[in-house]
Amino acid sequence: MDFRKAEFIKSAADPGGFIRDGLPQAAFAGRSNVGKSSVINSIVGRKNFARVGSSPGKTAQINYFLIDGKFYIVDLPGYGYAAVSKEERDRWGRLMEAYFASGLITLGVQIVDARHKPTADDLTMMRWFRQSGVDAIVVANKMDKCKKSELPANVALIRETLDLSQDDPLLYYSARTHSEREALLIALDGALNLE
Ligand code: GDP
């Protein structure tokens, strides 16, 4: 699996645009600004692949990236951005509801902030993965901003807040330093049953 062989395929703003070609889909979820685009860029080893830092929450659409012709990284629209209109939030909710109900998700990748207690919205996303019968890997990003001594307490807080069992995978990550990139690639490979 060559994660650097990545191409943008399309965006979908409604269920008619969902890709249904049978390839596995890894759905990446996270609140705006948690570093979801940066994590995707880090995985594919390119700086400006998924958009970074522009107009958070403004676009309720999902973006499909094909990796090595074998699976899709599905970039779900970020949530939790305060300045979003009710209309935009409703659009986001309808799109998410349709995608989670579609049966198209193979694996969830829930990105949270390594420094903080996960938000109520983060927990809602985890519950949607569970209710859809989809396993999820939790990626605690921005670990470069944590002191090593803080990590055990942060792990415990994230596990507890998201209702994770000891068997549920939780990875610390830094999209800035690419720390734990190999571990994430191995986890994705294993969870998607590729090769
Ligand atoms: P998104 O809205 O979730 O796609 O977040 P972005 O990828 O646009 O990142 C939001 C901000 O966080 C940007 O300024 C990034 O440079 C920064 N960022 C993302 N990941 C990391 C990380 O692992 N460490 C640090 N220190 N900053 C990060």
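Order of listing sets the numbers, starting from 1, for every ligand and every atom in it.
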So, [X] and [Y], do they make that salt bridge, N to O below 4.0 Å?
{"X": "Asp90", "Y": "Lys86", "result": "yes"}
{"X": "Arg91", "Y": "Glu88", "result": "yes"}
{"X": "Lys145", "Y": "Asp113", "result": "no"}

Heavy atom of Arg31, distance to ligand 1 below 4.0 Å: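 Right, Arg31 reaches ligand 1.
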
What about Tyr173: any of its N or O atoms under 3.5 Å from an N or O on ligand 1? no

Please report whether ligand 1 has a polar contact with Ser37, defined as an N or O pair separated by less than 3.5 Å (distance criterion only). yes

Run the numbers for me: atoms of ligand 1, each under 4.0 Å from some heavy atom of [X], listed by number.
{"X": "Ala175", "value": "20 (N), 22 (C), 23 (O)"}
{"X": "Ser38", "value": "6 (P), 7 (O), 9 (O), 15 (C), 19 (C), 20 (N)"}
{"X": "Val34", "value": "3 (O)"}

Can you check whether Tyr172 reaches Asn154 side chain to side chain, under 4.5 Å on heavy atoms? yes

Heavy atoms, side chains only, cut-off 4.5 Å: are Lys142 and Val34 in contact? no

Using a heavy-atom cut-off of under 4.0 Å, does the side chain or the backbone of Asn33 touch ligand 1, or both, or neither? both

Can you tell which part of Lys145 has a heavy atom less than 4.0 Å from ligand 1: side chain, backbone, both or neither?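 It is the side chain that touches ligand 1; the backbone stays farther off.
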
First locate atom CD1 of Ile73, then atom CZ of Phe28, and finally report the distance between them rounded to the nearest 0.5 Å.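 Atom-to-atom, Ile73:CD1 and Phe28:CZ are 4.5 Å apart.
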
